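Please read these numbers as outputs of a predicted model, since none were measured by experiment. Naming: A, B, ... by sequence-line order, numbering from 1 per chain.
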Amino acid sequence: GESVGLHLPTLSVQEGDNSIINCAYSNSASDYFIWYKQESGKGPQFIIDIRSNMDKRQGQRVTVLLNKTVKHLSLQIAATQPGDSAVYFCAEKGAAGNKLTFGGGTRVLVKP
Amino acid sequence: NAGVMQNPRHLVRRRGQEARLRCSPMKGHSHVYWYRQLPEEGLKFMVYLQKENIIDESGMPKERFSAEFPKEGPSILRIQQVVRGDSAAYFCASSPGPDLGQFFGPGTRLTVL
(Lines give C-alpha, C1' and ligand atoms only; values in the text may rest on other atoms or scores of the structure.)
Protein backbone atom coordinates (compact mmCIF):
# COMPACT_ATOMS: atom_id res chain seq x y z
CA GLY A 1 0.00 0.00 0.00
CA GLU A 2 1.00 3.62 -0.21
CA SER A 3 2.82 5.12 2.72
CA VAL A 4 4.78 8.20 3.47
CA GLY A 5 7.05 8.47 6.49
CA LEU A 6 9.41 10.89 8.14
CA HIS A 7 12.83 10.18 9.64
CA LEU A 8 12.82 12.75 12.48
CA PRO A 9 9.82 13.45 14.65
CA THR A 10 11.32 16.61 16.21
CA LEU A 11 13.90 19.03 14.87
CA SER A 12 15.41 21.80 17.02
CA VAL A 13 17.02 24.59 15.06
CA GLN A 14 18.80 27.75 16.07
CA GLU A 15 17.24 30.89 14.69
CA GLY A 16 19.03 31.92 11.53
CA ASP A 17 20.26 28.43 10.72
CA ASN A 18 18.96 26.34 7.85
CA SER A 19 16.50 23.51 8.48
CA ILE A 20 16.22 20.28 6.58
CA ILE A 21 13.17 18.05 6.96
CA ASN A 22 13.22 14.63 5.35
CA CYS A 23 10.50 12.35 4.10
CA ALA A 24 10.52 8.86 2.59
CA TYR A 25 7.75 7.52 0.43
CA SER A 26 7.08 3.99 -0.70
CA ASN A 27 4.87 4.37 -3.77
CA SER A 28 7.15 4.64 -6.78
CA ALA A 29 4.12 5.60 -8.89
CA SER A 30 3.56 8.83 -6.93
CA ASP A 31 3.69 11.77 -9.28
CA TYR A 32 3.03 14.79 -7.11
CA PHE A 33 4.33 15.87 -3.71
CA ILE A 34 3.41 18.71 -1.38
CA TRP A 35 4.89 20.09 1.82
CA TYR A 36 2.49 21.54 4.38
CA LYS A 37 3.07 23.53 7.55
CA GLN A 38 0.61 23.17 10.39
CA GLU A 39 0.55 25.44 13.41
CA SER A 40 -1.26 24.47 16.55
CA GLY A 41 -5.03 24.65 16.16
CA LYS A 42 -4.87 25.50 12.48
CA GLY A 43 -5.27 23.75 9.17
CA PRO A 44 -2.31 22.66 7.03
CA GLN A 45 -0.82 25.51 5.07
CA PHE A 46 0.49 24.82 1.56
CA ILE A 47 4.23 25.58 1.37
CA ILE A 48 5.55 24.19 -1.87
CA ASP A 49 4.91 21.37 -4.30
CA ILE A 50 6.91 19.38 -6.83
CA ARG A 51 6.01 16.99 -9.61
CA SER A 52 7.83 13.78 -10.32
CA ASN A 53 9.37 15.11 -13.53
CA MET A 54 11.42 17.57 -11.46
CA ASP A 55 14.11 17.04 -8.84
CA LYS A 56 14.27 20.51 -7.33
CA ARG A 57 11.97 23.46 -6.87
CA GLN A 58 12.56 26.71 -5.01
CA GLY A 59 10.23 29.12 -3.34
CA GLN A 60 10.70 31.98 -0.95
CA ARG A 61 13.24 30.69 1.63
CA VAL A 62 12.20 27.10 0.89
CA THR A 63 13.55 24.45 -1.45
CA VAL A 64 12.10 21.02 -2.09
CA LEU A 65 14.31 18.23 -3.37
CA LEU A 66 13.00 15.02 -4.84
CA ASN A 67 15.14 11.91 -5.29
CA LYS A 68 13.05 9.35 -7.12
CA THR A 69 15.81 6.77 -7.11
CA VAL A 70 15.64 6.36 -3.35
CA LYS A 71 12.09 7.70 -2.99
CA HIS A 72 13.12 10.57 -0.77
CA LEU A 73 11.78 14.08 -0.41
CA SER A 74 13.23 16.92 1.61
CA LEU A 75 12.27 20.45 2.55
CA GLN A 76 14.98 23.00 3.19
CA ILE A 77 14.15 26.20 5.03
CA ALA A 78 16.77 28.92 4.79
CA ALA A 79 17.47 31.26 7.71
CA THR A 80 14.89 29.66 9.97
CA GLN A 81 12.76 32.14 11.91
CA PRO A 82 10.65 31.76 15.07
CA GLY A 83 7.54 31.87 12.88
CA ASP A 84 8.72 28.68 11.19
CA SER A 85 8.04 26.72 14.38
CA ALA A 86 5.30 24.26 13.46
CA VAL A 87 4.68 20.67 12.39
CA TYR A 88 5.63 19.95 8.80
CA PHE A 89 3.98 17.24 6.74
CA CYS A 90 4.93 15.79 3.42
CA ALA A 91 2.12 14.45 1.29
CA GLU A 92 2.13 12.47 -1.90
CA LYS A 93 -0.41 11.77 -4.57
CA GLY A 94 -0.43 8.56 -6.52
CA ALA A 95 -0.71 8.51 -10.27
CA ALA A 96 -4.23 7.13 -9.92
CA GLY A 97 -6.67 9.20 -7.95
CA ASN A 98 -6.38 12.56 -6.25
CA LYS A 99 -6.19 11.74 -2.58
CA LEU A 100 -3.14 12.82 -0.65
CA THR A 101 -1.30 10.42 1.63
CA PHE A 102 0.34 12.24 4.53
CA GLY A 103 3.39 11.38 6.54
CA GLY A 104 3.34 11.47 10.33
CA GLY A 105 4.84 14.95 10.61
CA THR A 106 8.02 16.56 11.93
CA ARG A 107 7.89 19.16 14.64
CA VAL A 108 10.31 22.04 14.08
CA LEU A 109 11.28 24.08 17.14
CA VAL A 110 13.19 27.29 16.50
CA LYS A 111 15.40 28.40 19.37
CA PRO A 112 16.06 32.14 19.69
CA ASN B 1 -9.88 36.35 -1.64
CA ALA B 2 -11.32 34.11 1.03
CA GLY B 3 -9.76 30.75 1.60
CA VAL B 4 -11.52 27.51 2.39
CA MET B 5 -14.20 28.09 5.01
CA GLN B 6 -15.32 25.52 7.52
CA ASN B 7 -17.97 25.68 10.20
CA PRO B 8 -18.44 25.17 12.96
CA ARG B 9 -14.86 25.44 14.19
CA HIS B 10 -15.71 23.45 17.29
CA LEU B 11 -18.54 20.99 17.72
CA VAL B 12 -19.51 19.04 20.81
CA ARG B 13 -21.90 16.13 20.55
CA ARG B 14 -23.08 13.41 22.87
CA ARG B 15 -22.84 9.78 21.84
CA GLY B 16 -25.66 8.88 19.47
CA GLN B 17 -26.22 12.38 18.14
CA GLU B 18 -25.55 13.56 14.61
CA ALA B 19 -22.70 15.84 13.53
CA ARG B 20 -22.84 18.02 10.44
CA LEU B 21 -19.66 19.67 9.23
CA ARG B 22 -19.70 22.27 6.48
CA CYS B 23 -17.09 23.31 3.98
CA SER B 24 -17.13 26.10 1.44
CA PRO B 25 -14.28 25.76 -1.05
CA MET B 26 -12.16 28.60 -2.32
CA LYS B 27 -13.73 30.67 -5.08
CA GLY B 28 -13.27 28.94 -8.40
CA HIS B 29 -12.54 25.54 -6.84
CA SER B 30 -14.92 22.74 -7.70
CA HIS B 31 -12.99 19.86 -6.12
CA VAL B 32 -13.43 19.17 -2.41
CA TYR B 33 -11.64 16.70 -0.15
CA TRP B 34 -12.29 15.70 3.45
CA TYR B 35 -9.55 14.47 5.80
CA ARG B 36 -9.52 13.43 9.44
CA GLN B 37 -6.68 14.08 11.86
CA LEU B 38 -6.13 12.54 15.26
CA PRO B 39 -3.84 14.35 17.76
CA GLU B 40 -0.15 14.16 16.88
CA GLU B 41 -0.89 12.28 13.66
CA GLY B 42 -0.99 13.06 9.98
CA LEU B 43 -4.18 13.62 8.04
CA LYS B 44 -6.08 10.62 6.69
CA PHE B 45 -8.05 10.91 3.47
CA MET B 46 -11.78 10.28 3.70
CA VAL B 47 -13.58 11.39 0.55
CA TYR B 48 -13.16 13.39 -2.66
CA LEU B 49 -16.10 15.12 -4.29
CA GLN B 50 -16.90 17.31 -7.21
CA LYS B 51 -20.16 19.15 -7.60
CA GLU B 52 -22.98 16.62 -7.14
CA ASN B 53 -20.59 13.67 -7.46
CA ILE B 54 -18.59 11.50 -5.10
CA ILE B 55 -15.40 10.64 -6.93
CA ASP B 56 -13.50 8.64 -4.31
CA GLU B 57 -14.83 7.57 -0.93
CA SER B 58 -12.24 4.89 -0.27
CA GLY B 59 -11.28 6.44 3.08
CA MET B 60 -14.79 6.84 4.39
CA PRO B 61 -16.11 4.39 6.99
CA LYS B 62 -18.86 2.29 5.46
CA GLU B 63 -21.39 3.08 8.16
CA ARG B 64 -22.61 6.32 9.75
CA PHE B 65 -20.52 8.60 7.53
CA SER B 66 -21.74 10.34 4.41
CA ALA B 67 -20.68 13.32 2.34
CA GLU B 68 -22.24 15.49 -0.30
CA PHE B 69 -21.35 18.49 -2.41
CA PRO B 70 -24.58 19.86 -3.89
CA LYS B 71 -24.85 22.07 -6.92
CA GLU B 72 -25.52 25.01 -4.65
CA GLY B 73 -24.11 25.47 -1.18
CA PRO B 74 -21.30 24.00 0.85
CA SER B 75 -20.04 20.46 1.03
CA ILE B 76 -21.40 18.58 4.04
CA LEU B 77 -19.76 15.77 5.99
CA ARG B 78 -22.38 14.03 8.07
CA ILE B 79 -21.70 11.63 10.90
CA GLN B 80 -24.70 9.82 12.32
CA GLN B 81 -24.88 8.27 15.78
CA VAL B 82 -21.48 9.59 16.79
CA VAL B 83 -19.20 7.57 19.05
CA ARG B 84 -16.23 8.73 21.11
CA GLY B 85 -13.84 7.39 18.48
CA ASP B 86 -15.18 9.98 16.06
CA SER B 87 -13.54 12.73 18.12
CA ALA B 88 -10.96 14.30 15.84
CA ALA B 89 -10.20 17.32 13.70
CA TYR B 90 -11.89 17.19 10.33
CA PHE B 91 -10.30 19.20 7.56
CA CYS B 92 -11.67 20.14 4.21
CA ALA B 93 -9.47 21.03 1.25
CA SER B 94 -10.28 22.33 -2.19
CA SER B 95 -8.49 22.54 -5.51
CA PRO B 96 -9.31 24.13 -8.86
CA GLY B 97 -8.64 20.90 -10.69
CA PRO B 98 -7.99 17.21 -10.13
CA ASP B 99 -4.23 17.33 -10.36
CA LEU B 100 -3.49 20.58 -8.59
CA GLY B 101 -2.54 21.62 -5.07
CA GLN B 102 -5.08 21.21 -2.31
CA PHE B 103 -5.67 24.13 0.05
CA PHE B 104 -7.01 23.42 3.50
CA GLY B 105 -9.55 25.10 5.71
CA PRO B 106 -9.11 25.72 9.44
CA GLY B 107 -10.87 22.49 10.37
CA THR B 108 -13.73 21.47 12.62
CA ARG B 109 -12.79 19.96 15.94
CA LEU B 110 -15.38 17.41 16.92
CA THR B 111 -15.60 16.26 20.51
CA VAL B 112 -17.93 13.42 21.39
CA LEU B 113 -18.85 13.20 25.05
Side-chain angles (χ1 to χ4, degrees), chain A residues 1-10 21 23-27 29-54 57 59 62 64 73 86-108, chain B residues 1-7 9-10 21 23-26 29-50 53-60 67 69 88-111:
Chain A
E2 300 173 353
S3 68
V4 179
L6 296 174
H7 299 303
L8 300 172
T10 303
I21 307 167
C23 178
Y25 64 95
S26 61
N27 184 1
S30 295
D31 63 357
Y32 182 53
F33 303 86
I34 307 175
W35 280 101
Y36 287 95
K37 170 187 179 183
Q38 188 176 28
E39 297 173 278
S40 181
K42 297 185 179 180
Q45 176 188 351
F46 181 102
I47 300 175
I48 192 167
D49 60 357
I50 189 167
R51 298 198 181 274
S52 58
N53 60 352
M54 303 173 68
R57 190 155 189 244
V62 294
V64 55
L73 190 71
V87 178
Y88 290 79
F89 294 97
C90 63
E92 56 98 4
K93 185 186 81 66
N98 291 311
K99 65 181 182 182
L100 294 177
T101 300
F102 282 77
T106 294
R107 186 178 305 278
V108 172
Chain B
N1 186 15
V4 178
M5 309 280 283
Q6 288 188 251
N7 69 83
R9 294 292 308 276
H10 299 273
L21 288 62
C23 169
S24 295
M26 287 179 68
H29 289 194
S30 58
H31 298 252
V32 166
Y33 313 80
W34 285 93
Y35 293 82
R36 177 164 61 180
Q37 185 179 36
L38 296 174
E40 301 294 308
E41 293 188 9
L43 284 74
K44 304 292 185 190
F45 169 80
M46 298 181 73
V47 61
Y48 162 40
L49 311 100
Q50 294 180 37
N53 287 303
I54 296 175
I55 307 302
D56 181 355
E57 55 182 349
S58 59
M60 193 94 98
F69 189 16
Y90 292 83
F91 290 98
C92 169
S94 73
S95 68
D99 201 28
L100 299 172
Q102 297 178 21
F103 295 86
F104 283 81
T108 294
R109 278 144 188 88
L110 172 65
T111 301

Chemist: Is there a side-chain contact between A:K99 and B:S58 (heavy atoms, below 4.5 Å)?
Modeler: yes
Chemist: Taking B:Y35 for its side chain and A:L100 for its backbone only, find out whether a donor-acceptor pair lies under 3.5 Å.
Modeler: yes
Chemist: Are the side chain of B:E41 and the backbone of A:G105 linked by a donor-acceptor contact shorter than 3.5 Å?
Modeler: no
Chemist: Hey, does A:Y36 have a side-chain heavy atom less than 4.5 Å from the side chain of B:Q102?
Modeler: yes
Chemist: Would a 4.5 Å heavy-atom cut-off, applied to side chains only, mark B:Y33 and A:N98 as touching?
Modeler: yes
Chemist: Mind ranking A:P44, A:G43, A:G41 by heavy-atom pairs under 4.5 Å with chain B and telling me who comes out on top?
Modeler: A:P44
Chemist: Just wondering, do B:Q37 and A:Q38 contact through their side chains at under 4.5 Å, heavy atoms?
Modeler: yes
Chemist: Counting only non-hydrogen atoms closer than 4.5 Å, does B:I55 touch chain A with its backbone (N, CA, C, O), its side chain (CB onward), both, or neither?
Modeler: neither
Chemist: List the residues meeting side chain to side chain donor-acceptor pair (under 3.5 Å) with A:R57, not counting sequence neighbours, and say none if there are none.
Modeler: A:D49
